[in-house]
Amino acid sequence: MIDKDMPVLTMKIVNQLTHLSARQIRYYEANELISPSRSEGGQRLYSIHDVELIGQVKLLIEKGFNMKKIKEELDRLNRSAQKSADETSPQYIEEDFSTNYIKKVLSGESREIPLTRGDLSRFYKQKK
DNA sequence: ATTCTCACA
DNA sequence: TGTGAGGA
């Protein structure tokens with residue numbers, strides 16, 4: 001199982017997953033919209049959860065929201081969705097399709113990854 | 001080969 | 001937001 005909060009994705013992978021530039025992704029971080037961890041060498045390591053967040057940010061930007069508004073919106077969505085998530089155990093990705101998919105990405109076996117936010121969400125399952 | 005920070009002829 | 005410099 002891969003925990004959704006495990007920091008295992010490099011910038012390159014996230015670029016492919018989100019179709020966003022490293023510049024844009026770092027900019028989101030500068031505005032406290034995401035909080036990737038760092039490797040010993042200082043490289044950012046993103047979790048699946050981070051990627052989902054980035055996808056939401058991308059959508060809101062396309063709707064014309066500025067960074068301040070997006071942060072407020074994200075916080076609001078988080079608070080309402082967190083109440084139910086807090087009581088449950090950590091979320092996991094299904095061991096079959098999504099895990100194999102992630103492994104392909106991590107191994108570099110899969111180069112082009114035309115995924116949209118909507119596509120990505122289908123890889124996850126809420127564990128109750 | 002990748003990513004990081006900083007700064008803008 | 002892009003991009004080049006300079007370093008890890």
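Numbered from 1 within each chain, the chains take letters A, B, ... in sequence-line order.
Partner of A/T18 under the side-chain contact (heavy atoms from CB on, under 4.5 Å) criterion, chosen from A/I54, A/I13, A/D50: A/I54. Partner of A/K69 under the side-chain contact (heavy atoms from CB on, under 4.5 Å) criterion, chosen from A/M67, A/E72, A/K71: A/E72.
Atom CD in A/Q24 sits about 7 Å away from atom C1' in C/dT1, given to the nearest Å. Per the geometry, CD1 belonging to A/I13 stands 17 Å off P belonging to B/dA1, to the nearest Å. Between the CG atom of A/N15 and the P atom of B/dC4 there is a distance of 9 Å, given to the nearest Å. When rounded to the nearest whole Å, the span between CZ of A/R23 and P of C/dT3 equals 11 Å. Between the P atom of B/dT3 and the CD atom of A/E40 lies a distance of 18 Å, rounded to the nearest Å. Rounded to whole Å, the distance from CG on A/N66 to P on C/dT1 is 12 Å. Remark: C1' of C/dT1 and CZ of A/R26 are 12 Å apart, rounded to the nearest angstrom. As a whole-Å value, the separation of A/K12 NZ from B/dT3 C1' is 11 Å.
If you take atom P in C/dG6 and the same atom in B/dT2, they sit 22 Å apart, rounded to whole Å. Comparing the C1' positions of B/dA1 and C/dG7 gives a spacing of 15 Å, expressed to the nearest Å.
Among the atoms of the strands shown, none is found under 4.0 Å from any heavy atom of A/G41.
Put simply, A/S21 has a side-chain N or O that comes within less than 4.0 Å of OP1 or OP2 on C/dG2. Residue A/Q43 places no side-chain N or O under 4.0 Å from the OP1 or OP2 atom of B/dC4. Under 4.0 angstrom from either OP1 or OP2 of B/dT5 there lies at least one side-chain N or O belonging to A/R38.
Across every strand in view, B/dA9 sits unpaired, with no contact that passes the Watson-Crick or G-U test at under 3.5 angstrom. Pairing for B/dC4 is with C/dG6, a Watson-Crick or G-U wobble pair whose two hydrogen-bonding atom distances lie under 3.5 Å.
Not a single donor-acceptor pair, N or O on each side, falls under 3.5 Å between the base of B/dT3 and the side chain of A/R44.
Across A/I25 and A/M11, no two heavy atoms sit closer than the pair CD1-SD, 4.0 Å.
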- Does the pair A/L60 and A/L74 meet the rule for a side-chain contact (heavy atoms from CB on, under 4.5 Å), with working shown? CA-CA 10 Å; A/L60 292 174; A/L74 242 39; 4.0 Å; yes
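Salt-bridge annotation for A/R76 and A/E73: present, with a side-chain N of the basic residue lying under 4.0 Å from a carboxylate O of the acidic one.
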